[in-house]
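Just below is one structure, and these are the notes that go with it.
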Amino acid sequence: MSDIWHMLSEEERLFCDVLERIVKERIAPRAAETDESAAFVHEQLATLAEAGMLGANLPEEHGGSGVSALALLRAVEIVAGGCGSTASALTAHYLATDAILIGGTDTQKAEWLPKAATSHMLGAFALTEPTAGSDPADMRTRAVRSGDGWHLKGNKCFISNGGVADFIVVFAVTDPDARHRGISAFLLPKGTPGFEAGPPERTMGLKGGHVFSLSLDCHLPDTALVGEAGQGFKTAMQVLDNGRVEVAAQCIGMAQAALDAAKDYAKERVIGGEALSDKQGIRWMLADMALELQAARLMALDAARQRSLGHRFSKAAAMAKLKASEVADMVADTALQIHGGYGYTRDFPIERITRDLRIMRIYEGSSEIQRNIIAGHLLAH
Ligand SMILES: Cc1cc2nc3c(=O)[nH]c(=O)nc-3n(C[C@H](O)[C@H](O)[C@H](O)COP(=O)(O)OP(=O)(O)OC[C@H]3O[C@@H](n4cnc5c(N)ncnc54)[C@H](O)[C@@H]3O)c2cc1C
């Protein structure tokens, strides 16, 4: 464990140590096979549920682990270092439970969060639509009053866990004239009539963490409305602030695995009678990878620290996600270069890590959108 993590409490360090052992013994060894088979990471998530990870983003009063935002960052990093697909499915689950925690009523929190935190009950977060990705306020899914509840109609796409989840937090327009202030969130349990998920998308990476298109034509009771009508967009943006720190954690975990693999390979590979790790060009590559990775980790720690203070931290979250996702791509690409031709084969994990990382610059707001957020904050003051 890097010195940086000594800032965690003793209890949190123990939580992370136990998790690290579980990931090393039971999750990381399955990462290559999961990538090849593209089977959803059900068993890996069940293993993480035993370790308290399905509720690591939730306070103890709602059945969660109650760890700090800093420990959560470290924990997601550990999972991602072992298997990117598992970390992605896990953090998509956090988006769903965070939405209930942030926007839900006391009754919804009591009914859903303890189950989602302690048993293997998976959530999904459905914001993106075929014509509304970077600009979710332009969504077309509508929810209209119908009898004692709501009629929800529309389509979502690229929803992680969407076809396998036990519940989905779905965002829909309830007041078309109010633009983002007319968006509301709804809790949709699995098996709701009128809900259908397509087959998993055939993605470049994260093959064990499936994404789905969803078709919705459902009647929901009034109790399905998460919090109040018109609050959905605000809830989604707060959830994404948390989510972006978790994306940064995924990037850092996978990039650390790439750096470790490159370091080991450079020590073993002998070219012209000399180990790669003795060549200055390779040593400088390794140094730059470690340098940038540490910068990304410190920015993520700053965002996590701001998260723990309980106020909005959108700029810090955007910076952490942008930096970590761009650094992680650079680190993985350099690690692959150090592996030479072998890095381009499926015989070494670096090929999978490189593919798994590529989405990080796109989902939960692309790098361009993070720059827009940062510039918006800069120019507002
Ligand atoms: C594996 C995976 C998992 C996902 N999981 C989820 C999930 O669980 N829940 C969910 O709701 N969504 C999810 N998504 C969707 C994801 O968040 C969107 O794909 C992402 O927000 C980008 O939207 P888009 O694909 O529609 O791209 P577009 O919005 O069409 O953007 C295309 C390009 O244009 C750029 N662009 C757009 N607007 C601007 C601008 N104003 N200035 C400069 N450049 C701009 C973008 O940066 C991008 O490069 C997932 C996607 C994938 C692939």
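Atoms within a ligand are numbered from 1 in the order they appear, just like the ligands themselves.
- Protein heavy atoms come within 4.0 Å of atom 3 (C) of ligand 1.
- Interface atoms of ligand 1 facing E364, defined by a heavy-atom separation under 4.0 Å, are 17 (O).
- The closest protein non-hydrogen atom to atom 39 (C) of ligand 1 is I369 CD1, 3.9 Å.
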Pairs under 3.5 angstrom only: tabulate donor-acceptor contacts from the side chains of residues 273-280 to other protein residues two or more places apart or in another chain.
unit_1, atom_1, unit_2, atom_2, d
E274, OE1, K279, NZ, 3.0
S277, OG, A266, O, 3.4
K279, NZ, I271, O, 3.2

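- With respect to atom 36 (N) of ligand 1, the closest heavy atom belonging to the protein is S134 OG, 4.2 Å.
- At a distance under 4.0 Å, a protein heavy atom can be found next to atom 7 (C) of ligand 1.
- Heavy-atom separations between N372 and ligand 1 include at least one value shorter than 4.0 Å.
- Salt-bridge annotation for E43 and R30: present, with a side-chain N of the basic residue lying under 4.0 Å from a carboxylate O of the acidic one.
- When only non-hydrogen protein atoms are considered, atom 26 (O) of ligand 1 lies nearest to G133 CA, 3.3 Å.
- Comment: D35 does not engage K207 in a salt bridge, judged by the lack of any side-chain N to carboxylate O separation of less than 4.0 angstrom.
- Ligand-side atoms of ligand 1 in range of S366: 46 (C), 47 (O), range being under 4.0 angstrom from any heavy atom.
- Residues passing the side-chain contact (heavy atoms from CB on, under 4.5 Å) test with T47, sequence neighbours excluded: I22, R26, I27.
- The protein heavy-atom contact nearest to atom 9 (N) of ligand 1 is F125 O, 2.8 Å.
- Nearest heavy-atom pair, S367 versus S325, reported as atom, atom and distance to 0.1 Å: OG-OG, 4.2 Å.
- Not a single heavy atom of L206 sits closer than 4.0 Å to an atom of ligand 1.
- Under a 4.0 Å criterion applied to the non-hydrogen atoms of E368, ligand 1 contributes the atoms 43 (C), 44 (N), 46 (C), 47 (O), 49 (O).
- Of the listed residues (T128, L240, D356), the one carrying the non-hydrogen atom nearest atom 15 (C) of ligand 1 is T128.
- The minimum heavy-atom distance linking A49 with L54 is given by the pair N-CD1, 3.6 Å.
- Between Y363 and F158, the gap from one ring centroid to the other reaches at least 6.0 Å.
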